[in-house]
2 protein chains.
Amino acid sequence: MKDHVDFWANGFGMRVRIALRELGVAFDYVEEDLRMGERSDLVRRMNPVHRSVPIFIHRGRPVCGSLNILDYIDEVWSAPGETRRLLPGDPAGRADARFWADFIDHKVFATQTRFLKSKGGEKHVAKEELVEQLKRLEEVLGDKEHFSGDEFGFLDMVLIPFSSMFRGYEQHGGFDLEVECPKLMRWVKRCKERESVRAVLPDETKMYELHKEWYGIE
Amino acid sequence: MKDHVDFWANGFGMRVRIALRELGVAFDYVEEDLRMGERSDLVRRMNPVHRSVPIFIHRGRPVCGSLNILDYIDEVWSAPGETRRLLPGDPAGRADARFWADFIDHKVFATQTRFLKSKGGEKHVAKEELVEQLKRLEEVLGDKEHFSGDEFGFLDMVLIPFSSMFRGYEQHGGFDLEVECPKLMRWVKRCKERESVRAVLPDETKMYELHKEWYGIE
């Protein structure tokens, strides 16, 4: 039995849903409405430390934290001795992928939050930083089809959920990502051709509306 | 060729030095004095994104971030098909270990910084939180000899460098960790019986003196 506890607009949770679809692992989806002040009993019991989602519950045991879950499902649903299916096959490639995943989680996400929360000069500074970070990721992509190389892989599924806020970034900051990061935007289009991504990524207008409500954006 | 770029008082770097000693991997140590305002050319070149240490350089390629490095050296210096030597052997055990490593890096470290930086009521709140987090880790340890079970392993080497600031915590906060977390303190003593830990952990007085200078503690 595999339960995946998540919220439809949670970018971290989207990664896991995409990964499970990519690996063909069936699961029961449990929605946790993060707009409610209180967490459910299930979340409080399964993730008492952070009371956050996503939580992936396998054989009654919770695995918490999206990168941790991706690692876990990659290990469990790869045959023994088989090359990893989500993460790169070699230690140096895995270290690089983990480095950039950490950059996305701790730099890009923090900058996105500051950008959406702030106004005036502070908002302008955060916008510049966010665009700079996206350009840096575009450099990492380079001329490859995907971050993982020819195939859609770990780092692609780590970053692609952020793209559901790209229209929101543009509206909030008054800029055009097609101009700033054209290669990255072509990568987004390629990813959206995949069934797993299309099935999971929410409507961009709905996403921005939710964030407007969350951060009190007028 | 393996170079390890680090600063003597960097708790994240200490993890890597302990792990390399545990695995018997020879390396050249390169000291980066973090008290200097400017980073060296080597650090700027090898970790342009964060300009931080530790950096482990193997065959000319940098691996950045202590948990990332532990993963890397565990993968590279374990024979193919062999059980991991630092991380637990099973995916669920690895997921647990990674969860708590993340807790230490993003909760305990942030609370330590707030505690050392603040004064008065704020310092008191941070102290209470820090003790609560250490008690939580003590619960994770339970009655085991080590966090990893019978053997000193990944989570032990992730946490043990923090113990070099425990005397500093006590002096700064006016409390006794032997009273608050007796089991955790016995675990510290057990870890210090290991050659790898003794060789790497710095003098506790020197550590607190450095932090006093850093955070302007009187």
Side-chain angles (χ1 to χ4, degrees), chain A residues 12 16 46-50 52 54-84 87-110 132-133 135-137 139-140, chain B residues 12 16 46-50 52 54-84 87-110 132-133 135-137 139-140:
Chain A
F12 301 103
V16 178
M46 288 293 167
N47 191 1
V49 174
H50 302 299
S52 63
I55 308 169
F56 182 67
I57 307 170
H58 184 213
R59 296 181 182 139
R61 284 186 63 146
V63 183
C64 301
S66 67
L67 299 183
N68 210 6
I69 300 173
L70 291 189
D71 236 317
Y72 179 82
I73 62 179
D74 195 23
E75 292 177 329
V76 170
W77 282 280
S78 295
E82 193 186 273
T83 304
R84 309 271 300 237
L87 277 146
D90 63 305
R94 281 198 287 282
D96 268 356
R98 288 194 168 113
F99 175 86
W100 289 110
D102 181 82
F103 176 81
I104 292 164
D105 278 15
H106 295 110
K107 297 286 173 183
V108 181
F109 184 67
E132 197 190 311
Q133 287 167 352
K135 280 177 192 281
R136 209 182 258 275
L137 289 170
E139 272 174 41
V140 176
Chain B
F12 301 103
V16 178
M46 288 293 167
N47 190 0
V49 174
H50 302 299
S52 63
I55 308 169
F56 182 67
I57 308 170
H58 185 211
R59 295 179 183 142
R61 284 185 63 143
V63 183
C64 301
S66 67
L67 299 182
N68 211 5
I69 300 172
L70 292 188
D71 235 316
Y72 178 82
I73 62 179
D74 194 23
E75 291 175 330
V76 170
W77 282 279
S78 296
E82 192 185 275
T83 303
R84 308 273 299 237
L87 277 147
D90 62 305
R94 280 198 286 282
D96 268 355
R98 288 195 167 112
F99 175 86
W100 289 110
D102 181 82
F103 176 79
I104 292 164
D105 278 15
H106 296 109
K107 296 285 174 186
V108 181
F109 183 67
E132 197 191 309
Q133 287 167 351
K135 280 178 192 282
R136 208 181 258 273
L137 289 170
E139 272 174 43
V140 175

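- With a 4.5 angstrom heavy-atom cutoff, His50(A) touches chain B only via side-chain atoms.
- In terms of heavy-atom pairs under 4.5 angstrom with chain A, the leader among Cys64(B), Ala92(B), Gly65(B) is Ala92(B).
- Heavy atoms of Arg136(B) lying under 4.5 Å from chain A belong exclusively to its side chain.
- If you measure heavy-atom distances from His106(B) to chain A, the contacts under 4.5 Å come from the side chain alone.
- The part of Val63(A) that comes within reach of chain B is its side chain, from C-beta onward, which places non-hydrogen atoms under 4.5 angstrom from that chain.
- In this structure, the portion of Asn47(B) lying under 4.5 Å from any heavy atom of chain A is its side chain and not its backbone.
- Taking both residues in full, the closest heavy atoms of Asn68(B) and Phe99(A) are given as ND2-N, 3.5 Å, listed atom of the first, atom of the second, then distance.
- For the pair Arg94(B)/Tyr72(A), no side-chain contact is recorded, criterion being any heavy-atom separation below 4.5 Å from C-beta on.
- Taking a cutoff of 4.0 Å between a charged side-chain nitrogen and a carboxylate oxygen, Arg98(A) and Asp71(B) qualify as a salt bridge.
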